[in-house]
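Structure first, then comments.
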Amino acid sequence: MGTVSSRLPVFPWDRLEPYKATAAAHADGIVDLSVGTPVDPVPALVQKALTDAADSPGYPTVWGTAALRDALTGWAERRLGATGLAHTNVLPVVGSKELVAWLPTQLGLGAGDRVAYPRLAYPTYEVGARLAGAEPVVYDDPWELDPAGLKLLWLNSPSNPTGRVLSVEELRRTVAWAREHGVLLFSDECYIELGWEADPVSVLHPDVCGGSYDGIVSVHSLSKRSNLAGYRAAFLAGDAAVLGELLQIRKHGGMMIPAPVQAATVAALGDTEHVGEQRERYARRRTALREALEAAGFRIEHSQASLYLWATRDESCWDTVADLAKRGVLVAPGDFYGTAGERFVRVAFTATDERVDAAVRRLAQ
């Protein structure tokens with residue numbers, strides 16, 4: 001039996017374990033700013049929707065309830081400016097990471113096909129290509145790629161890890177290039193509600209796509225905006241033909257969001273108050289950490305959006321990780337996201353107020 005795992009890189013977070021142990025040994029405990037997992041409560045109205053739907057003995061459907069699809073299209077129209085969306089233009093998925101990892105396989109890609117993603121990027125784009133046996137390709141500007149054999153192009157705005165936001169012109173140019181060359185474009189927009197110094201725009205906005213969803217799909221998640229990482233609630237919106245094919249495949253694979261989570265998603269997407277409250281929490285933490293990092297000699301680049309600060313002291317990222325771990329602060333090394341990040345660290349501001357305050361004090365020492 002061949003080992004599929006042999007195609008994959010070492011799981012990056014395993015490499016961080018020794019530094020996590022060092023940070024955890026701090027007298028005042030660890031301040032974990034590495035993974036970026038939400039720590040604040042799930043909104044009460046979402047918890048209520050989940051528990052109200054707890055008596056769900058039957059199988060859910062892969063496409064979700066009509067109420068869920070209404071919530072997905074309604075949110076995309078209100079928040080993204082998308083127009084004319086039908087139920088066929090949306091598809092719920094079991095968390096965005098699952099989708100990213102298995103998309104090339106579900107699209108039927110394999111040997112001889114190429115999958116492109118940003119030079120600094122979420123590692124699962126590469127993993128997805130390798131799981132399918134396709135060739136991973138990195139880019140600086142997508143329209144400079146060689147289109148030969150290129151079947152899937154990933155965009156990510158706001159970026160993980162850098163927080164960079166692509167402009168409307170950059171998005172429009174990339175959509176036009178992908179369509180010209182017959183390349184399917186998926187845009188990871190999971191941080192689109194978390195713009196700080198820029199207002200992120202979706203590829204589904206008419207200014208970008210011209211009102212047509214042909215050849216483009218956007219990826220969205222409730223993990224960050226609504227603290228639902230534990231619920232595994234995400235969805236796709238865009239080209240009906242692409243989503244229809246994925247729906248058929250996912251039906252056979254039984255990739256279903258649990259019925260209570262579907263109900264919780266409807267509640268979460270229908271409410272903006274909790275999103276604003278969470279943004280205010282993150283804004284305070286972001287400001288505190290940014291000021292503390294800069295005072296400690298770090299330079300912050302990009303970071304216009306998302307839940308991270310992309311920081312450097314112009315040294316090896318692992319030297320920075322080791323130094324901060326001694327102070328009880330754990331951050332993610334930039335080379336997790338590509339060799340171009342080897343002198344940066346990614347600092348999440350998803351810790352509690354108390355832990356962020358502790359990090360600020362330690363950075364000042």
Side-chain angles (χ1 to χ4, degrees), residues 31-40 43 75-76 78-81 96 118 120-122 155-171 187-205 207-208 218-229 268-269 271-313 329 331-332 334 337 341 344-357 359-360 363:
V31 178
D32 193 342
L33 308 179
S34 61
V35 176
T37 188
V39 297
D40 299 302
W75 179 85
R78 293 189 307 274
R79 180 62 185 83
L80 307 180
S96 58
L120 277 168
Y122 183 46
L155 293 183
N156 181 207
S157 177
S159 163
N160 174 17
T162 70
R164 181 180 175 227
V165 174
L166 297 176
S167 67
V168 170
E169 177 54 36
E170 288 174 304
L171 292 170
S187 180
D188 181 347
E189 301 174 355
C190 289
Y191 296 91
I192 201 163
E193 300 247 48
L194 294 162
W196 310 110
E197 297 163 7
D199 186 13
V201 177
S202 172
V203 293
L204 302 187
H205 193 284
D207 289 349
V208 174
S218 63
V219 183
H220 297 276
S221 168
L222 281 79
S223 294
K224 313 302 184 183
R225 74 182 293 278
S226 300
N227 298 332
L228 297 189
L269 291 177
D271 180 71
T272 58
E273 183 175 353
H274 79 273
V275 179
E277 291 173 353
Q278 189 60 45
R279 277 182 55 88
E280 290 177 4
R281 294 187 188 107
Y282 285 141
R284 291 194 303 270
R285 295 165 186 168
R286 178 181 184 271
T287 297
L289 282 170
R290 179 166 194 151
E291 291 176 352
L293 286 164
E294 290 177 335
F298 285 87
R299 184 176 72 256
I300 308 298
E301 292 193 1
H302 304 302
S303 306
Q304 298 102 329
S306 82
L307 289 178
Y308 314 106
L309 294 168
W310 189 237
T312 182
R313 286 193 308 204
V329 178
V331 298
Y337 310 95
F344 286 80
V345 292
R346 194 195 72 170
V347 183
F349 41 89
T350 52
T352 64
D353 291 343
E354 184 273 331
R355 288 288 83 187
V356 168
D357 289 344
V360 168
L363 284 165

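Reckoned from all heavy atoms, side chains included, excluding hydrogens, waters and symmetry mates.
- Under the 6.0 Å distance and 45° angle rule, Arg279 counts as a cation-pi partner of Trp196.
- Two residues are said to be in side-chain contact when any heavy atoms from C-beta on lie closer than 4.5 Å; Val347 and Ile300 fail this criterion.
- Thr350 has its side chain out of reach of Pro38: every pair of non-hydrogen atoms, C-beta onward, lies at least 4.5 Å apart.
- For Ser187, the side-chain hydrogen bond (donor to acceptor under 3.5 Å, both in side chains) criterion is met by Glu189, not counting sequence neighbours.
- Counting heavy-atom neighbours within 6.0 Å of Glu169 CD, excluding the residue itself, gives a total above 12.
- Salt bridge Glu193/Arg79: present, at least one basic N to carboxylate O contact under 4.0 Å.
- Using a 4.5 Å cut-off on side-chain heavy atoms (C-beta onward), His274 and Ser226 make contact.
- When side chains are defined from C-beta on, Val329 counts as touching Val331, because their heavy atoms get closer than 4.5 Å.
- Side-chain contact of Arg346 with Asn160: a donor-acceptor pair under 3.5 Å is present, judged by distance alone.
- By the 4.5 Å heavy-atom criterion applied to side chains, Pro43 and Asp271 are not counted as neighbours.
- Qualifying salt bridge (charged side-chain N to carboxylate O under 4.0 Å, His left out) partners for Arg355, counting only residues two or more places apart in sequence or in other chains: Asp28.
- Between the side chain of Lys224 and the main chain of Gly36, a donor-acceptor pair closer than 3.5 Å is present.
- Here Glu277 pairs with nothing under the side-chain hydrogen bond (donor to acceptor under 3.5 Å, both in side chains) rule; sequence neighbours left out.
- Within the structure, ring-ring contact (aromatic ring centres under 6.0 Å, His included) pairs that include any residue of residues 280-308 comprise Tyr191-Tyr308 (at least two apart or interchain).
- Every residue meeting the side-chain hydrogen bond (donor to acceptor under 3.5 Å, both in side chains) condition with Arg286, not counting sequence neighbours, appears here in chain and number order: Glu197.
- For Asp353, the side-chain hydrogen bond (donor to acceptor under 3.5 Å, both in side chains) criterion is met by Arg285, not counting sequence neighbours.
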